[in-house]
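So the structure is just underneath, and the comments pick up after that.
Atoms considered below: every heavy atom in the structure, side chains included; atoms not considered: hydrogens, waters and symmetry mates.
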Amino acid sequence: MALKIVKSECTVCGACESECPNQAISFKKGTYVINPEKCTECEGQFDMPQCVANCQVDDCIVPA
Amino acid sequence: MGNVVPLSNILGVGELMVPAVDPTGCASSACGSSDGPDGMPDAVWNKVKDHPCYSEEAHHYYARMHVAVAPACNIQCNYCNRKYDCANESRPGVVSERLSPDQAALKVAAVAAEMPQLAVVGIAGAGDALANPERTFRTFELIRKQTPDIKLCLSTNGLALPDHVDRLKELDIDHLTITINMVDPEIGVQIYPWIFYNHRRWHGLEASTLLHQRQMEGLEKAVAAGILVKVNSVMIPGINDHHLAEVNRRVREAGAFLHNIMPLISDPAHGTHFGLTGQRGPSPAELKALQDHCEGEIKVMRHCRQCRADAIGMLGDDQGAKFGNDAVAAMAPPDAAAAEAARQAYRQHIEAERLERRRNRAQVRARIVGAAPRTRPAEPPVLVAVATSGGERINVHFGHAKEFQVFEVGAKGARFVGHRRVETYCEGGSGDGGVLDGIVTAIGDCAAVMVAKIGDCPSQTLRDKGIEPIDRFAFGYIEESLLTFFAERRAATLTPVRVA
Ligand code: SF4
Ligand code: SF4
């Protein structure tokens, strides 16, 4: 259970990174990536995945 | 009848409705904000006098730079698409390069060493400065340490502002810009599809209500903390154009000292919601009418260039491309002390020049404006386009102008009303007819265009279109030249006419 970032859609703004409660998101080789080991889809923490809620681009963060 | 009647007694009767006292309180100045200590409290004047974005006079002399260390945003606006550069709010969408606080500080040092005119460094994006508070504040701290004489400023949509006013105050950020497009959430719904706040995404009326409350709270808190607040509004015809007078009233009451109403820039190619729905921007005339209407107790700013979050240099002349990360890294470390000395010397020189200017201008105003006959209706004011690259002088060749500043000059003086961007007529030495048409359209409402020099051929075209090309004031001061032009024009129409 994890999400992933669609590289071609991502504007590299980093808004998702600072909102992730599990530090699952990091900047690697020119883009942001989600570590599936750490991503919980925010289950039990928030109503909505924080990265998705904060991302400006629709369909940029999708189920892995 | 045999008596002598000045022609202007007959002409210009329509001007009878013009109020005798200019409501701006800066009657005869060429100002967007205010361009002199007159009419502005000293404390405010001292804060704005060197800020090119806040003082219309300062923008002729001082440079600013933006460092785009804040890529993330916390709201979605219908005039912005983060995948593309946003033309409206100093928001390049995808910044061409990521800029860390350390890199930003290096860049500021490099620019400061090369440009003694540098007075202000701001953070305006590319997203929202306060949606990235740690990056933003870290950057300010570094700059404050290395170049303490440079002023810091920040732009925000206001959503996160109430949480950060104390920190802004601590860092001595004395200029702040909030973009407020509405004070009625029903109108906000048409501008903001959603916001991210308190770990949730909010939509519709809830989103706009929250945003509005946070903006006003932030504005009031910042004003109470003694921070100078400017409000930016994007004018969107059919959505908030009639509402902005109300916005103007409310932000003025809340203590904003300057209101900058900017035109929506909308193009389908930008991929924004408004671009795709065909929402148009206002015409220069619509914009000016609204600015005129709002110009009461609060200064309305007219010289804004809607510059990018990574702009560097004098307004209207972006040097950003010269200072990329790699270019900065490759530069020799600047001599900070020498650079600061150069800035101080430049400022002293400019202050002396500005003092001289003010004196000179007061004399010309007294001579020309003061000489206006009081017994007859005022001469109708006219618009005049001016080619300038700063220094408050007419100093650009017609063929080299990238933009024209437009002034309204009349019996009450001259004032700056806006700028018109144009394509350069003389690329590589030969004039281009298509471009000339574009220029004629851009300044079509002007009676004259003042330039440092102009060729015969474009002169003729301009004359044919009713725009008088004028190069006899080359390198003269703008306001004095405008007033002289107007006085001569008035004298010409005042020439006694014998009526048979
Ligand atoms: S918020 Fe969206 S666009 Fe921004 S870095 Fe994360 S995935 Fe990319
Ligand atoms: S869904 Fe939640 S846990 Fe997973 S990356 Fe996004 S913010 Fe982090």
Problem set entry | Ionic contact status for B/Arg201 with B/Glu206, cut-off 4.0 Å | no

Exercise. Will you find, in the side chains of A/Asn22 and A/Gln45, an N or O donor that is under 3.5 Å from an N or O acceptor?
Worked result: yes

Exercise. What option among A/Ala53, A/Ser18, A/Ala15, A/Cys16 has the most heavy-atom pairs under 4.5 Å with chain B?
Worked result: A/Ala53

For this session: May I ask you to check whether B/Asn181 and B/Asn240 show a side-chain donor-acceptor distance below 3.5 Å?
Result: no

For this session: Please work out whether the ring planes of B/His199 and B/Phe196 are parallel, tilted or perpendicular, with thresholds of 30° and 60°.
Result: perpendicular

Exercise. Which atoms of A/Asn54 come close to chain B, meaning under 4.5 Å heavy atom to heavy atom: side chain ones, backbone ones, both, or neither?
Worked result: both

Seminar exercise, completed: Of A/Glu19, A/Glu17, A/Met48, the largest count of non-hydrogen pairs under 4.5 angstrom with chain B goes to A/Glu19

For this session: Please look at B/Ile75 and chain A and tell me whether the side chain, the backbone, both or neither of the residue comes under 4.5 angstrom of a heavy atom of that chain.
Result: backbone

